[in-house]
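Written below as structure tokens is the structure these notes are about.
Start at 1 with the first residue, then count along the sequence.
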Amino acid sequence: MKELFDFILRFGNLNQQQIDFIASKATELHLAKDAYFSEAGKIARQVGFTVDGILRVCYYDNKGEEITKYFIEENNMVVDLESFDNEICSSTYVQAVTDCTMIVFSRKDWLELLQTIVGWEAIVHKIISRALIQKVERRSPLVSEDATTRYLRFLEIYPTVVNRIPLSYIASYLGVTQSSLSRIRKNIR
């Protein structure tokens, strides 16, 4: 729980009573490798914080190919925001790439926190803004770069992730085949 509050308090201040109230609404979740935190076609019903492990956000394109949009490593919040906020079916999957330990809040409890804690909405807004900026910064350079440059950029963006996840997910994220990625990795060693 300490990791969660260290993260939250970077975005605003809470008193001990508010921290205790948030903690009372949180539950620990152990997500096995390959299990889903949320799934396409279903409504996202929880907000999570990754204490340990890596998740990925992915979808299937119109050819049925799996595309990895991005990875979520430790000390980050995770939620399919559009699905969660609007109670609509998600178009993406959030899948555990490794075994994960998470702190989660149900939709009911999350909404109660928003209604009860003064300043909580502002903190959440800052967290969401940071996540959106991070997402754009991570994806934008990948559009115009060659595959080798995209891989080197991936290593900068996700330095702790590369040796913990399957190469197929990295290749999918970079938009290259697994054999191309193997060649790239061999050439830069």
Side-chain angles (χ1 to χ4, degrees), residues 1-8 10-11 28-40 44 46-61 65-84 90-105 126-189:
M1 201 68 73
K2 179 187 181 313
E3 297 93 342
L4 172 65
F5 289 108
D6 287 348
F7 176 80
I8 291 171
R10 292 179 7 210
F11 300 93
E28 192 169 284
L29 171 70
H30 294 282
L31 203 57
K33 178 181 175 184
D34 297 327
Y36 292 102
F37 178 73
S38 62
E39 296 180 65
Q46 55 190 0
V47 173
F49 175 79
T50 309
V51 176
D52 186 44
I54 302 168
L55 298 141
R56 73 179 181 125
V57 176
C58 61
Y59 67 96
Y60 290 89
D61 68 11
E65 291 180 35
E66 189 178 82
I67 309 293
T68 298
K69 288 173 69 171
Y70 55 93
F71 299 96
I72 302 164
E73 64 264 84
E74 289 87 356
N75 297 311
N76 280 290
M77 301 295 291
V78 55
V79 61
D80 182 327
L81 198 58
E82 186 178 18
S83 174
F84 183 84
S90 177
S91 59
T92 60
Y93 295 87
V94 179
Q95 182 184 32
V97 178
T98 64
D99 288 341
C100 293
T101 301
M102 303 176 72
I103 296 169
V104 296
F105 299 89
K126 287 177 188 172
I127 292 169
I128 292 168
S129 294
R130 172 189 168 265
L132 291 173
I133 290 167
Q134 212 174 34
K135 199 156 80 170
V136 169
E137 286 174 350
R138 289 178 172 186
R139 288 303 298 174
S140 294
L142 297 177
V143 176
S144 59
E145 304 291 351
D146 66 81
T148 301
T149 307
R150 289 196 308 264
Y151 179 67
L152 292 170
R153 179 92 172 112
F154 174 84
L155 294 176
E156 288 173 23
I157 294 169
Y158 296 110
T160 65
V161 170
V162 71
N163 294 321
R164 298 167 58 198
I165 59 176
L167 285 182
S168 60
Y169 294 165
I170 298 172
S172 169
Y173 174 79
L174 296 173
V176 299
T177 64
Q178 206 169 331
S179 57
S180 294
L181 179 57
S182 294
R183 273 193 303 281
I184 291 166
R185 287 167 54 102
K186 197 168 92 179
N187 290 337
I188 62 173
R189 282 191 186 144

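Two residues are said to be in side-chain contact when any heavy atoms from C-beta on lie closer than 4.5 Å; R130 and F11 meet this criterion. The shortest side-chain heavy-atom distance between I170 and L181 falls under the 4.5 Å cut-off. Within the 4.5 Å cutoff, the side chain of E39 has no heavy atoms near those of the V94 side chain. E74 is not listed as a side-chain neighbour of F7, based on a closest heavy-atom distance of 4.5 Å or more. Using a 4.5 Å heavy-atom threshold, the side chains of L4 and M77 count as touching. You'll find the side chain of V57 reaches within 4.5 Å of the side chain of I72, heavy atoms only. Put simply, the side chain of K69 reaches to within 4.5 Å of the side chain of Y59, judged on heavy atoms. Between Y60 and I67 the shortest side-chain heavy-atom distance does not fall below 4.5 Å.
Annotation: the span from I184 atom CD1 to T149 atom OG1 amounts to 9.0 Å, rounded to 0.5 Å. With values rounded to the nearest 0.5 angstrom, T148 atom OG1 is found 15.5 Å from R153 atom CZ. Between E82 atom CD and S91 atom OG the span is 7.0 Å, to the nearest 0.5 Å. Here the CG-CD1 distance, from N76 to I54, works out to 11.0 Å after rounding to the nearest 0.5 Å. Residue T50 holds its OG1 atom at 4.0 Å from CE of M102, rounded to the nearest 0.5 Å.
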- Task: Start with the C-alpha gap between M1 and I103, add the side-chain angles, then the distance that decides, and say whether side-chain contact (heavy atoms from CB on, under 4.5 Å) holds.
- Result: CA-CA 7 Å; M1 201 68 73; I103 296 169; 4.0 Å; yes
- Message: Run L174 and F154 through side-chain contact (heavy atoms from CB on, under 4.5 Å) and show every step you take.
- Response: CA-CA 8 Å; L174 296 173; F154 174 84; 4.0 Å; yes
- Query: Between F37 and V104, does a side-chain contact (heavy atoms from CB on, under 4.5 Å) hold up when you go through it step by step?
  - Reply: CA-CA 10 Å; F37 178 73; V104 296; 3.6 Å; yes
- salt bridge (Lys or Arg N to Asp or Glu O under 4.0 Å) between E3 and R10, intermediate numbers included: CA-CA 11 Å; E3 297 93 342; R10 292 179 7 210; over 6 Å; no
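Between Y158 and F71, the ring planes are perpendicular. Angles over 60° get that label, and only those under 30° would be called parallel.
Panel note: side chain S90, backbone A44; no donor-acceptor pair is recorded below 3.5 Å.
The closest side-chain donor-acceptor pair between Y151 and R185 falls under 3.5 angstrom. Between the side chains of S179 and S182, no donor N or O sits under 3.5 Å from an acceptor N or O. With hydrogens and angles left out, the side-chain atoms of D80 and S38 include no donor and acceptor closer than 3.5 Å.
Ion pairing between R56 and E66 holds under the 4.0 Å rule for side-chain N and carboxylate O. Between E156 and R150, none of the side-chain N atoms (NZ, or NE/NH1/NH2) sits under 4.0 Å from a carboxylate O, so this pair counts as no salt bridge.
Checking D99, L55, T101 one by one against L31, the side-chain contact (heavy atoms from CB on, under 4.5 Å) holds for a single residue, L55.
Between A32 and A96 the shortest heavy-atom distance is O-CB, 3.4 Å. Here the closest heavy-atom approach between residue L152 and residue I188 is recorded as CD2-CD1, 3.7 Å. Residues I157 and E73 come closest through the heavy atom pair O-OE2, 4.4 Å.
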